[in-house]
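Read the structure below first, then the notes.
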Amino acid sequence: MHPESEKSKVNNPPRRLFTRQRRQLSDSARRNLAQAASLHLTKLQQRLPPHAKIGLYYDGFGELPTQPLLDWCQHLGYFSYLPVVGSFGRDSKGNVDKHLRFVPIYQSKLLNIPTRIHSLGMKQNHHRRLLWARELDVIVCPLVAVDKSGNRMGMGGGFYDTTLSKSYQAGLKKPLKIGWCYDFQVVEQLEPQPWDVPLDGLITPSGLRWF
């Protein structure tokens, strides 16, 4: 359970502090920063098997662009995927089931992928071939802020925490949970909630760090 009312009681910086900064960046600044971050992907590559399966996401809310991640996957022969929300329908309370599944990417540009807008505002693509998170080697997780211990602040919906909780609690090594963001989204410390799943690593324009 990820009640927004509970999250609001936590003494963390407000999400709007970071989302506003993201929106203030120009398209060219975003692209340049994403290109700088992509230079550190070689360090992630060292931990991956050949033909690794990588979960990505659409950068639809001012995030660090994810197209360089797709370029990297396709250059190295990795298989890339996008998340699908609500593929299980609704739970017993009528809420969208929060477990994500992942669809393969066949296009070379994220902009060319046919999508529809989910009721929660994010773009997503549908396909008959859906993978579980545990089938992926890496999931690149969107975030609003992250601290220096790998605690991640998402948008508050709890989709990634719900999806990754079982593998995290079981101590499984895959999928690796990697953050991808601007340097100004990194803070000294966040107060995690019991259901939060921390990251294994973080890539920003200034480098890659492991937790």
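One-based numbering along the sequence shown. Just the heavy atoms: all of them, side chains too, but no hydrogens, waters or symmetry mates, feed the values below.
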Minimum heavy-atom distance [X]-[Y], with the two atoms named:
{"X": "Val186", "Y": "Cys181", "value": "CG2-SG, 4.4 Å"}
{"X": "Tyr57", "Y": "Val140", "value": "CD2-O, 3.3 Å"}
{"X": "Ala133", "Y": "Thr163", "value": "CB-CG2, 3.5 Å"}
{"X": "Arg31", "Y": "Pro65", "value": "N-CG, 4.2 Å"}
{"X": "Leu100", "Y": "Pro83", "value": "CD1-CB, 4.2 Å"}

Hey, does [Y] have a side-chain heavy atom less than 4.5 Å from the side chain of [X]?
{"X": "Tyr160", "Y": "Arg152", "value": "yes"}
{"X": "Lys177", "Y": "Leu164", "value": "yes"}
{"X": "Lys148", "Y": "Gln189", "value": "no"}
{"X": "Leu136", "Y": "Tyr81", "value": "yes"}
{"X": "Leu202", "Y": "Ile178", "value": "no"}
{"X": "Lys174", "Y": "Ser167", "value": "no"}
{"X": "Ile203", "Y": "Leu41", "value": "yes"}
{"X": "Leu25", "Y": "Gln21", "value": "no"}

Worked check of side-chain contact (heavy atoms from CB on, under 4.5 Å) between Tyr58 and Ile113: CA-CA 10 Å; Tyr58 291 101; Ile113 298 173; 3.1 Å; yes

Is there a chain of hydrophobic side chains (I, L, V, M, F, W, Y, each step under 4.5 Å between heavy atoms) that links [X] to [Y]?
{"X": "Tyr78", "Y": "Leu131", "value": "yes"}
{"X": "Phe184", "Y": "Leu33", "value": "yes"}
{"X": "Leu17", "Y": "Met155", "value": "yes"}

Full working for salt bridge (Lys or Arg N to Asp or Glu O under 4.0 Å) between Asp137 and Lys53: CA-CA 5 Å; Asp137 296 289; Lys53 295 181 175 69; 5.6 Å; no

Determine yes or no for a side-chain-to-main-chain donor-acceptor pair under 3.5 angstrom, with [X] supplying the side chain and [Y] the backbone.
{"X": "Glu63", "Y": "Leu143", "answer": "no"}
{"X": "Thr66", "Y": "Leu69", "answer": "no"}
{"X": "Glu191", "Y": "Asn12", "answer": "no"}
{"X": "Gln185", "Y": "Phe18", "answer": "no"}
{"X": "Gln74", "Y": "Asp71", "answer": "no"}

From [X] [atom1] over to [Y] [atom2], what is the distance, rounded to the nearest 0.5 angstrom?
{"X": "Arg22", "Y": "Asp59", "atom1": "CZ", "atom2": "CG", "result": "9.5 Å"}
{"X": "Ser80", "Y": "Tyr106", "atom1": "OG", "atom2": "OH", "result": "10.0 Å"}
{"X": "Asn151", "Y": "Leu190", "atom1": "CG", "atom2": "CG", "result": "6.5 Å"}
{"X": "Gln193", "Y": "Met153", "atom1": "CD", "atom2": "CE", "result": "10.5 Å"}
{"X": "Cys73", "Y": "Gln45", "atom1": "SG", "atom2": "CD", "result": "10.5 Å"}
{"X": "Trp180", "Y": "Leu199", "atom1": "CH2", "atom2": "CG", "result": "14.0 Å"}

Validation row, ring centre Phe102 to ring centre Trp132 under 6.0 Å: no

Could you go step by step and tell me if Ile105 and Leu56 meet the side-chain contact (heavy atoms from CB on, under 4.5 Å) rule? CA-CA 9 Å; Ile105 299 174; Leu56 307 180; 4.2 Å; yes

In terms of the angle between their ring planes, are Phe79 and His51 parallel, tilted or perpendicular, with boundaries placed at 30° and 60°? tilted

Begin with the C-alpha distance, continue with both residues' side-chain angles, and end with the deciding distance and a verdict on side-chain contact (heavy atoms from CB on, under 4.5 Å) for Val146 and Val187. CA-CA 6 Å; Val146 60; Val187 300; over 6 Å; no

Test side-chain contact (heavy atoms from CB on, under 4.5 Å) on Leu110 and Leu82 and set out the steps. CA-CA 10 Å; Leu110 289 170; Leu82 288 169; 4.3 Å; yes

Could you pull out every donor-acceptor pair under 3.5 Å between side chains of residues 204-211 and any protein atom, sequence neighbours left out?
residue : atom : partner : partner atom : Å
Thr204  : OG1  : Asp183  : OD1          : 2.7
Thr204  : OG1  : Ser206  : N            : 3.3
Thr204  : OG1  : Ser206  : OG           : 3.1
Ser206  : OG   : Asp183  : OD1          : 2.6

